[in-house]
Amino acid sequence: MFLTRWNKTETPAWPAFGRLSDLRDELDRLFDSPLSELGRTSRLLNGWAPAVDLYEDKDNFTVKAELPGLKREDIDVSLNEGALVISGERKAEQKFDEAGTHRVERFFGRFSRTILLPATVNADKIAAQYKDGVLTVTLPKSEEAKPKQIEINVK
Amino acid sequence: MTTAAQNIPQNCTVENEEYLSPRVDIYEDKEAYVLQAEMPGVNKEGLEVTLADNELTLTGRRAEAAPQSEALHRESRPLNYRRAFELDPAIDTARIEASIAQGVLTLRLPKAEKIKPRKITVTE
């Protein structure tokens with residue numbers, strides 16, 4: 001983790017070597033991860049999969065997605081047959097040639113996550129907010145989906 | 001383009017608190033190194049950048065705690081962020097600039113001006 005010049009020890013002799021070292025890193029990451037992270041799909045297969053949480057309370061479902069460093073206009077949120085789809089693209093801000101690159105851990109490019117909602121929501125009242133790199137989508141439950149208290153008269 | 005060629009280090013524990021290690025990119029141009037660290041949920045108030053003995057430590061505390069309502073599915077980890085770097089001695093630490101926008105910290109670490117040759121007077 002030195003901020004000194006990064007000497008590339010693995011000079012790829014042919015392009016496939018680059019992929020191989022990616023694969024090795026990915027395997028290392030899988031074995032090092034706590035169990036909770038193993039459920040997340042491997043990033044090699046689908047590029048970038050931002051972390052998504054789904055919460056429920058009496059009136060709403062709330063979806064939170066960690067999307068650091070995006071622009072509001074590059075995030076798309078849509079509701080499609082009971083599923084919330086969050087997609088977008090993170091664009092690299094500056095271009096640096098390979099000689100000037102020391103460490104690359106962040107993802108750039110397109111992503112898409114689909115979150116199946118457990119009950120119907122009021123599509124007209126969905127609200128989304130993007131703040132501090134976290135997208136919060138609030139989805140009010142439809143009247144049918146809300147828990148109801150039924151009064152029963154005991155005779 | 002999705003290249004994340006290097007492993008990110010393990011989480012660390014400092015004073016009984018477990019921290020996530022943020023993903024970092026480091027670039028270099030003629031004048032400076034540029035470091036970008038991902039800390040979603042952190043804003044200016046929760047950010048701490050400290051420098052001691054050429055070791056740069058980044059700490060980010062989330063602005064909001066996780067919602068109290070029931071989590072049906074959870075992928076994020078409700079931890080704060082921390083990561084330390086050893087700085088190249090050629091960095092002019094007095095001119096380091098930091099900014100944070102949408103959970104991404106950008107640090108600009110300027111290289112020191114070349115030390116000019118000096119003539120040293122010999123005293124008897």
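The structure displayed is predicted, hence computed values, not measured ones. Chain naming here is simple, since letters A, B, ... match the order of the sequence lines and numbering starts at 1 in each. Computed over heavy atoms, backbone and side chain alike; hydrogens, waters and symmetry mates excluded.
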Enquirer: Among B/P67, B/P40, B/S76, find the residue that satisfies the side chain to side chain contact (heavy atoms under 4.5 Å, CB included) test when tested with A/K64.
Expert: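 Option passing the side chain to side chain contact (heavy atoms under 4.5 Å, CB included) with A/K64: B/P67.
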Enquirer: Below 6.0 angstrom between ring centroids: does that apply to B/Y33 and A/H102?
Expert: yes
Enquirer: Can you say whether A/I115 sits under 4.5 Å from chain B via the side chain, the backbone, both, or neither, judging by heavy atoms?
Expert: neither
Enquirer: Check each atom of B/Q68 against the heavy atoms of chain A and say whether the ones under 4.5 Å are side chain, backbone, both or neither.
Expert: neither
Enquirer: Using only atom types and a distance under 3.5 Å, with no angle test, would you say the side chain of B/D25 pairs donor to acceptor with the backbone of A/E105?
Expert: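 The answer is yes, because a donor-acceptor pair under 3.5 Å joins these two groups.
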Enquirer: Rounded to the nearest 0.5 Å, what's the gap from CE on B/M39 to CD on A/E66? Could you check?
Expert: 12.5 Å
Enquirer: Among residues 126-138 of chain A, which ones touch chain B with a heavy-atom distance under 4.5 Å?
Expert: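 From residues 126-138 of chain A, the residues near chain B are A/Y130, A/K131, A/D132, A/G133, A/V134.
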Enquirer: State which residues pass salt bridge (charged side-chain N to carboxylate O under 4.0 Å, His left out) with B/E17; sequence neighbours excluded, sorted by chain then number.
Expert: B/R61
Enquirer: Applying salt bridge (charged side-chain N to carboxylate O under 4.0 Å, His left out), which residue pairs with at least one partner in residues 34-46 of chain B are found, sequence neighbours left out?
Expert: A/R90-B/E38, A/R106-B/E38
Enquirer: Hey, quick one: are A/L67 and A/V85 part of the same hydrophobic cluster, counting side-chain heavy atoms closer than 4.5 Å, chains of contacts allowed?
Expert: no
Enquirer: Would you kindly confirm whether B/V49 and B/L109 end up in one hydrophobic cluster when ILVMFWY residues are joined by side chain heavy atoms under 4.5 Å apart?
Expert: yes
Enquirer: Is A/R103 paired with B/E28 through a side-chain N to carboxylate O contact shorter than 4.0 Å?
Expert: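 Salt bridge: no.
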Enquirer: Select one option (side chain, backbone, both, neither) describing which atoms of B/A71 are under 4.5 Å from chain A's heavy atoms.
Expert: both
Enquirer: Counting only heavy atoms not in B/E64, do more than 12 sit closer than 6.0 Å to its CD atom?
Expert: no
Enquirer: Is there any residue in residues 52-60 of chain A with a non-hydrogen atom under 4.5 Å from a non-hydrogen atom of chain B, and which ones are they?
Expert: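 A/V52, A/D53, A/L54, A/Y55, A/E56, A/D57, listed by number.
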Enquirer: Which atom pair, heavy atoms only, marks the closest approach of A/P118 to B/L72?
Expert: CG-CD1, 3.7 Å
Enquirer: Does some side-chain heavy atom of B/R23 sit less than 4.5 Å from a side-chain heavy atom of A/P68?
Expert: no
